[in-house]
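For reference, the structure is listed below as structure tokens.
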Protein chains: 2
Amino acid sequence: MVTINDIAKEAGVAKSTVSRYLNNGSVSADTRRKIDKIIEKTGYTPNNFARSLKAQKTNMIGVMIPRLNSASTNEVLEGIDEMTRKLGYQLIITNSDQNNEREFENIQTLAKQKVEGVIMFARELTPEHIDTVKKTGTPFLFIGQKAEGIHSIIHQDYQAGAKIGTYAIELGHRHFLYVGVPEKDRAVGVERRQGFLDAVRPVNGSTVEKIESDFSRTSAYQKALAFLPKTEATYIVCATDNIAVAVLKAAKDLGYSIPEDFSLSGFGGYEATAYVSPTITTVSYPYREMGLEAVKKLVRLIGKEEVPNISEMGNELVINQSTAYFDKI
Amino acid sequence: MVTINDIAKEAGVAKSTVSRYLNNGSVSADTRRKIDKIIEKTGYTPNNFARSLKAQKTNMIGVMIPRLNSASTNEVLEGIDEMTRKLGYQLIITNSDQNNEREFENIQTLAKQKVEGVIMFARELTPEHIDTVKKTGTPFLFIGQKAEGIHSIIHQDYQAGAKIGTYAIELGHRHFLYVGVPEKDRAVGVERRQGFLDAVRPVNGSTVEKIESDFSRTSAYQKALAFLPKTEATYIVCATDNIAVAVLKAAKDLGYSIPEDFSLSGFGGYEATAYVSPTITTVSYPYREMGLEAVKKLVRLIGKEEVPNISEMGNELVINQSTAYFDKI
DNA sequence: TGCTTTAGAGGAACCGGTTCTGTTGATTAG
DNA sequence: CTAATCAACAGAACCGGTTCCTCTAAAGCA
């Protein structure tokens, strides 16, 4: 590897001069030209490690995601990437594969890497998570879940659930099937559902059947195949767009028509909902903006500025073809 | 920040002792206990930079992707992530947003970061790319495209195209519409198409109309809306699954039935093709395996082992519901 | 008991940069 | 003409680790 010493030696100057050349200036035109040429020739690039070591600043931000193949995660990531670059930071992305052990590991790894802050896509949050995070002393920002004493940025999941509930009731539906996800994910598994339930329950004669899937399409598809024939629901609420796409597919494969036999909706606002037939009604979340906000907020945290503990992102009901009036009342 | 010096001072030992404690051993049980306690108390984590600086080894691998919201990229990334972790490396992911300038920038950034090797998802490859890469002196591996003098791992795109061509001819189709992507992406834009054309052209009376989209669904959807009504084709070949999903949607919106009015196929084997109706015939690519292979190959390159210049991954025709015999001959 | 071996620890050098201090020769002000 | 100023550069210290060399005291051996 070519180092600053090699450059200095070859140019016949002190390495401090080369360093000055690389940074602020105060180098004569003559020396400048000499160094220029040698760097060009050798293809020298300064070692960022050595730099960071002295500067006590790594300019790196860590991101921890639960899995790589999630549309929502990737949209947030795009936002993070954009803002990160804009603010002059470098991203280190680690994947935990939805595995708690690997999350702990990754928190450690990022700490060793001396990233200046970490954005973590939270799923299930155990006390051990909170503990590990606090021990690092590194600024942390959770995305998607809130936790005592740690800054976070979340969706208004309860409100999103309520929007769907209210909308479905307005359409005249009274019998619902809720395809949910495990409660370990509080935001999606509990709050989103609760918002829906609270909007629907007060209405006379309403019923809600519940089944639980995970976040994968295969699981939702299987559950739907088994459950659709025996439900009395006229409206199927899916906890995510992915689940909705899978349930739609299952319904079609069983010979049902959407929205004639069932109305159907998801949450998220993924592109996929617009490229199936019928297009799926959903609540659209501002993923990209969330990524932008997350980085801005983290950077303020790094700079030890005052930042509100919890930020919430809004969302918006998007009515598509998969939902219709229940006119057989 | 807590450093090894702080630990040493507090324990009343030399920092070399603490270092030995952290690494190989040769520390008395007594001292070990003392240091143990202090590290626990202070939450000390060794600074990887300082370590790398001395060790001349960063244990980092850089990955450069063109965009974050691509299903195929993410599947390859999963494979990369898995193998990377297995072999004890740390991933730095940079996104170039399909922008050449940013690719050059990122190559520089990764070089400064002193990653031990880089896996780059190649799109358009200009001489400047090759040049920039070679100048870094860092081991590089291209995914998806080959380039003179740089190692790469690619799909058998020509063969994949030929598979679709042969299959469509067997079904009795003679008139084709090829929805392609720009030729700047040689693998997808040229070779995949050429494989198809070479399989189809020799057949008597066959015709191929061509339109060009980009990799986005919106673009493909718009083009299809305009073009489907006037084509004489009975089989639509889409250069990617994403395009196929969009064309399917457009066809439905125009009132066509698939495969009754048109047969339709894609390339890639994304999950999405299985969750639309009808399911889409495609060629399935081993993305995850490609990621695994890529890291293995790169690590061999880093270790200066002999590695074949180009590795090819196979692929497999997956027949689904979107293609049918053309029986009106 | 005396000599050799070895475990455990300290000290210094080193990795590749940045930055502070000091020196020198030329330029400018008085 | 002398004193003050300044640009340009050299040299040394430092960042937080690792590692090599050296020293000492205890253990092993004859």
Side-chain angles (χ1 to χ4, degrees), chain A residues 1-36 38-39 42-60 90 108-116 136-138, chain B residues 1-36 38-39 42-60 90 108-116 136-138:
Chain A
M1 205 173 37
V2 189
T3 75
I4 201 174
N5 280 304
D6 304 332
I7 306 292
K9 208 174 295 171
E10 185 148 353
V13 299
K15 67 176 182 172
S16 53
T17 303
V18 181
S19 178
R20 251 179 292 115
Y21 162 93
L22 291 169
N23 300 300
N24 29 18
S26 199
V27 178
S28 73
D30 225 41
T31 325
R32 186 174 298 276
R33 231 173 300 119
K34 244 189 313 183
I35 298 179
D36 245 355
I38 296 172
I39 287 186
T42 54
Y44 164 75
T45 30
N47 186 326
N48 257 2
F49 285 0
R51 243 179 204 180
S52 300
L53 184 57
K54 178 68 184 183
Q56 299 285 57
K57 202 163 173 342
T58 62
N59 269 317
M60 297 216 256
Q90 177 73 14
Q108 295 298 341
T109 310
L110 289 174
K112 274 192 213 150
Q113 223 67 36
K114 300 295 172 200
V115 295
E116 302 188 20
T136 66
T138 308
Chain B
M1 203 172 38
V2 190
T3 75
I4 200 173
N5 281 302
D6 303 332
I7 306 293
K9 207 174 296 171
E10 185 147 351
V13 300
K15 68 176 181 171
S16 52
T17 304
V18 180
S19 177
R20 252 178 291 115
Y21 161 93
L22 291 169
N23 300 299
N24 29 19
S26 198
V27 178
S28 73
D30 224 42
T31 327
R32 186 175 297 278
R33 231 174 298 118
K34 244 189 313 184
I35 299 180
D36 245 354
I38 296 173
I39 287 187
T42 55
Y44 165 75
T45 29
N47 186 325
N48 257 1
F49 286 179
R51 246 182 201 179
S52 301
L53 184 56
K54 177 68 183 179
Q56 299 285 57
K57 201 161 172 347
T58 62
N59 269 318
M60 296 216 258
Q90 177 73 14
Q108 295 297 341
T109 311
L110 290 174
K112 275 192 212 153
Q113 224 67 35
K114 299 294 172 201
V115 296
E116 301 189 20
T136 65
T138 308

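Each chain gets a letter, A, B and so on, in the order its sequence line appears, and its residues count up from 1. Just so it is clear, the model here is predicted, and its values are computed rather than measured.
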Between the OG1 atom in A:T58 and the CD atom in A:Q90, the distance rounded to the nearest 0.5 Å is 10.0 Å

**Prompt:** Does B:Y21 have a side-chain nitrogen or oxygen under 4.0 Å from the phosphate oxygens OP1 or OP2 of D:dT18?
**Reply:** no

Rounded to whole Å, NZ of B:K112 lies from P of C:dG16 at a distance of 18 Å

Checking D:dT19, C:dC15, D:dA7 against the side chain of A:S26 (C-beta onward), the nearest is D:dA7

- Is A:Q56 near enough to D:dC14 that one of its side-chain N or O atoms lies under 4.0 angstrom from OP1 or OP2? no

Under a 4.0 Å heavy-atom cutoff, the residues of residues 6-17 of chain A touching DNA chain C are A:K15, A:S16

- prompt: Side-chain contact, heavy-atom cut-off 4.5 Å: B:R51 with B:N23?
  reply: yes

When rounded to the nearest 0.5 Å, the distance separating OG1 of A:T45 from CE of A:M1 is 8.5 Å

Checking D:dA8, D:dT18, C:dA9 against the side chain of A:S28 (C-beta onward), the nearest is D:dA8

Note: for B:R32 and A:P46 on DNA chain C, the residue whose nearest nucleotide lies more 5' is B:R32

Taking five pairs at each terminus, the helix from C:dT1-D:dA30 to C:dG30-D:dC1 shows an axis bend, to 10°, of 40°

Output for pair (A:K112 NZ, B:N47 CG), nearest 0.5 Å, gives 11.5 Å

Ranking C:dG17, C:dG16, D:dC9 by distance to the side chain of B:L53, first place goes to C:dG16

- Message: On the nucleotide C:dT18, are OP1 or OP2 found under 4.0 Å from the side-chain N or O atoms that A:N23 carries?
- Response: yes

To the nearest angstrom, the CD1-P distance between B:I4 and D:dT19 comes to 11 Å

Donor-acceptor contacts, no H, no angles, side chain residues 3-13 of chain A, under 3.5 Å, sequence neighbours left out:
| from | atom 1 | to | atom 2 | distance (Å) |
| --- | --- | --- | --- | --- |
| A:T3 | OG1 | A:N5 | N | 3.1 |
| A:T3 | OG1 | A:D6 | N | 3.4 |
| A:D6 | OD2 | A:T3 | N | 2.9 |
| A:E10 | OE2 | A:K41 | NZ | 2.6 |

Atom CG of B:N5 and atom C1' of C:dG10 are separated, to the nearest Å, by 14 Å

**Request:** For B:Y21 and B:D36, run side chain to side chain contact (heavy atoms under 4.5 Å, CB included): C-alpha distance rounded to whole Å, both residues' side-chain angles, the deciding distance at 0.1 Å, then the answer.
**Result:** CA-CA 9 Å; B:Y21 161 93; B:D36 245 354; 2.4 Å; yes

Taking C:dA9, D:dC9, C:dG17 as options, the one with an atom nearest any side-chain atom of A:Y44 is C:dG17

Whole-Å distance, B:K54 NZ to C:dA12 C1', equals 11 Å

Here the distance between atom P of D:dA10 and atom CD1 of A:I35, to the nearest Å, is 9 Å

Taken to the nearest whole Å, CG/B:N47 to C1'/C:dC15 is 13 Å

Hey, does B:V27 reach any base, or is it just sugar-phosphate, or nothing, if we go heavy atoms under 4.0 Å?
sugar-phosphate

Tell me what B:T3 touches on the nucleic acid: a base, only sugar-phosphate, or nothing, going by heavy atoms under 4.0 Å. sugar-phosphate

If you compare every side-chain N and O of B:T31 against the phosphate oxygens of C:dA9 (OP1, OP2), does one of them come in below 4.0 Å? yes

Quiz item: Just wondering, do A:L22 and A:I39 contact through their side chains at under 4.5 Å, heavy atoms?
Solution: yes

State, with a plain yes or no, whether a side-chain heavy atom of A:T17 is found less than 4.5 Å away from one of A:T31. yes

B:S52 side chain reached by B:K114 side chain, heavy atoms, under 4.5 Å: no

Rounded to whole Å, NZ of A:K34 lies from P of D:dA8 at a distance of 14 Å

Side chain proximity check, B:K34 to B:V27, heavy atoms < 4.5 angstrom | no

In whole angstroms, the gap separating P of C:dG17 from CD1 of A:I39 amounts to 10 Å

Per atom distances to the B:R20 side chain, the nearest of C:dG10, C:dG16, D:dT18 is C:dG10

